[in-house]
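Just the heavy atoms: all of them, side chains too, but no hydrogens, waters or symmetry mates, feed the values below. This is a predicted model, so every value here is computed, not measured.
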Amino acid sequence: MKRITLGILLLFLMISPLLAACGRESQGTLTVYAGLYEDHAIKAIETFQKQTGIKVNYVRMSSGEILARIRGERNAPKASVWYGGPADTFIQAKTEGLLEPYLSQNAASIPREYRDPSGYWTGIYVGSIAFVSNKTWLQEVGLQAPQSWNDLLQPEYRGMISMADPRSSGTAYTTLATLVQLFGEDQAFDYLRRLHLQNVVYTTSGSVPGRTVGMGESGTAVMFAHDALKYYKEGFQNLVINFPTEGTGYEIGAVGIIKGGPNQEEARQFVDWALTKQAQELGKQVGNYQQLTNPDAVAPEEAIPLEKLNAIPYDLEWAGKNRERLIGRWTAEVLGSGNG
């Protein structure tokens, strides 16, 4: 009897690792489309994998690119989680039926203004639009750092302004929606046409203009302040950050679940995790400087609170529902106006 018992025990010890491996394999591999910086996405995903045992693949893209990818895969989604990027793009995806509602128990701690009431998206960070200029260039041309939107229309800025393209960049669309909400739609588009005649350099990604300004290839960029802080900390200490006196807008960076994507249970676990204090504090470990939405999370010291800025009451829901229309008008009336 002892020999039989011992044999059963040895057999169990031999097959238990296989059973455990099968259990892990049954979870599948979670695929995430990330709108965060590469270093932030890597840190987050590595930590999530260690803590949960769930294997994750990710693809880093700008928000507009993520939306286009999800649209193209509507009938056979390859990813299950959208992680990072302005929530107005998530709102457009929601209206198109591309997201799955999920009310995480951890969302209860996130302020209401930072989450969708039905759980289609939940905010994980906040960042504001800023003017980011090259101090050396400003001195060479005898300019002060821009203080207002109209400052960018001065002749000295011609050919020296960089910003992203709203067709691909969530940063650029936040800028577009900010101007429309600040000035009214027709006046905003009149301004954008005049700005375009300054020979603006448009980039695919919203953070790239900060690098071009830091390298002196552009004089001033319109971008998120936290992206500029990252470049400053990485060595571009000729950058200066200012905010328009008329008012500035901001993003709520979000996380959500893609409708019909594989491994939905693992996707829900990822959203639960992304809303925690620990997960939100990972960004500052790799040099990212956003405000955070979890009240218990400690934001980086360098992060600039909205309360210290002349931030407009940014209507996120309106911005999301009008995104397609406003980008279409920008493409036709701004890009179509030529560049002088």
Side-chain angles (χ1 to χ4, degrees), residues 32-45 47-48 58 60-63 66 81-91 93 104 106-116 119-130 164 169-175 177-178 205-207 210 223-233 241 243 248-257 270-309 311 314 316 319-320:
V32 173
Y33 290 158
L36 302 170
Y37 263 102
E38 193 90 17
D39 55 4
H40 192 172
I42 290 171
K43 181 69 174 179
I45 286 167
T47 303
F48 175 75
Y58 82 97
R60 194 316 180 171
M61 294 178 281
S62 295
S63 293
I66 294 175
V81 174
W82 183 350
Y83 185 39
D88 39 26
T89 314
F90 283 72
I91 291 170
S104 168
N106 293 336
S109 63
I110 308 298
R112 290 182 183 274
E113 63 267 28
Y114 296 148
R115 54 186 165 95
D116 179 77
Y120 283 92
W121 60 268
T122 308
I124 53 177
Y125 62 83
V126 181
S128 50
I129 294 292
S169 164
T171 307
Y173 179 69
T174 302
T175 302
T178 293
S205 168
S207 61
M223 59 187 294
F224 285 128
H226 56 261
D227 289 338
L229 281 168
K230 182 175 181 65
Y231 284 123
Y232 182 87
K233 291 286 189 175
I241 301 172
F243 297 90
T248 193
Y250 57 92
E251 70 163 330
I252 300 171
V255 62
I257 296 177
F270 188 94
V271 171
D272 291 340
W273 175 85
L275 303 181
T276 63
K277 173 183 186 295
Q278 182 190 25
Q280 291 196 12
E281 290 179 351
L282 289 172
K284 62 185 179 183
Q285 296 181 22
V286 289
N288 292 273
Y289 302 103
Q290 300 99 326
Q291 283 293 313
L292 306 175
T293 62
N294 187 316
D296 295 327
V298 179
E301 292 182 4
E302 300 86 348
I304 303 170
L306 291 180
E307 296 76 20
K308 293 187 176 181
L309 305 175
Y314 189 85
L316 185 68

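For the atom pair NE2 of H226 and OG of S128, the computed distance is 8.0 Å after rounding to the nearest 0.5 Å. Rounding to the nearest 0.5 Å places CG of D296 at 10.0 Å from CD of Q280. Here the CZ-CD1 distance, from R60 to I66, works out to 7.0 Å after rounding to the nearest 0.5 Å. With rounding to the nearest 0.5 angstrom, the CH2 atom of W121 is 11.0 Å from the OG1 atom of T89. Atoms CG and CD1, from L282 and I42 in turn, are 13.0 Å apart once rounded to the nearest 0.5 Å. Note: L306 CG to Y314 OH = 12.5 Å, rounded to the nearest 0.5 Å.
You'll find the side chain of F48 reaches within 4.5 Å of the side chain of F270, heavy atoms only. Taking the side chain as every heavy atom from C-beta outward, L292 and I124 never approach each other to under 4.5 Å. Residues I252 and P86 fail the side-chain proximity criterion, which asks for heavy atoms closer than 4.5 Å. Counting heavy atoms from C-beta on, the side chains of S63 and S169 never come closer than 4.5 Å. Considering only heavy atoms from C-beta on, I91 comes within 4.5 Å of L316 through its side chain. Here the side chains of Y37 and D227 are in contact, with some heavy-atom distance below 4.5 Å. Taking 4.5 Å as the limit, some side-chain heavy atom of L36 sits within range of a side-chain heavy atom of Y125.
Without hydrogens or angle criteria, Y120 side chain to A93 main chain gives no donor-acceptor distance under 3.5 Å. Although no hydrogens or angles enter the test, the distance criterion places a donor-acceptor pair under 3.5 Å between the side chain of E281 and the main chain of V298.
Between P300 and Q290 the shortest heavy-atom distance is CD-O, 3.3 Å. Across all their heavy atoms, N294 and L275 have their closest contact at ND2-O, 2.8 Å. Taking each heavy atom of K43 and T47 in turn, the nearest pair found is O-OG1, 2.8 Å. Scanning all heavy atoms of the two residues, the minimum distance from A172 to A164 falls at CB-O, 3.1 Å. Minimum heavy-atom separation, S104 to D272: OG-OD1, 2.6 Å. Minimum interatomic distance between T248 and T178 (heavy atoms only, all atoms of both residues): C-CG2, 3.9 Å.
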Checking side-chain contact (heavy atoms from CB on, under 4.5 Å) for the pair F90/W82: CA distance, chi angles, key distance, verdict?
CA-CA 9 Å; F90 283 72; W82 183 350; 3.4 Å; yes

Verify side-chain contact (heavy atoms from CB on, under 4.5 Å) between I304 and F243, making sure each step is shown before the conclusion.
CA-CA 11 Å; I304 303 170; F243 297 90; 3.7 Å; yes

In sequence, state the C-alpha distance, the side-chain angles, and the governing distance for T122 and D116, and then conclude on side-chain contact (heavy atoms from CB on, under 4.5 Å).
CA-CA 6 Å; T122 308; D116 179 77; over 6 Å; no

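A cation-pi arrangement is not found for K284 relative to Y289, the charged atom failing to lie both closer than 6.0 Å to the ring centre and inside a 45° cone about the ring normal.
Using a 3.5 Å distance cut-off with no hydrogens or angles, the side chains of Y58 and E38 do pair a donor with an acceptor. Residues E251 and T171 have side chains that never bring a donor and an acceptor to within less than 3.5 angstrom of each other.
Under the 6.0 Å cut-off for aromatic ring centres, Y33 and Y83 do not qualify, their centroids lying 6.0 Å or more apart. Aromatic ring centres of Y250 and F224 lie farther apart than the 6.0 Å criterion allows.
Around atom CD of E301, no more than 12 heavy atoms belonging to other residues, nucleotides or ligands sit under 6.0 Å away.
One finds a salt bridge joining D39 and K230 here, because a Lys/Arg side-chain nitrogen approaches an Asp/Glu carboxylate oxygen to under 4.0 Å.
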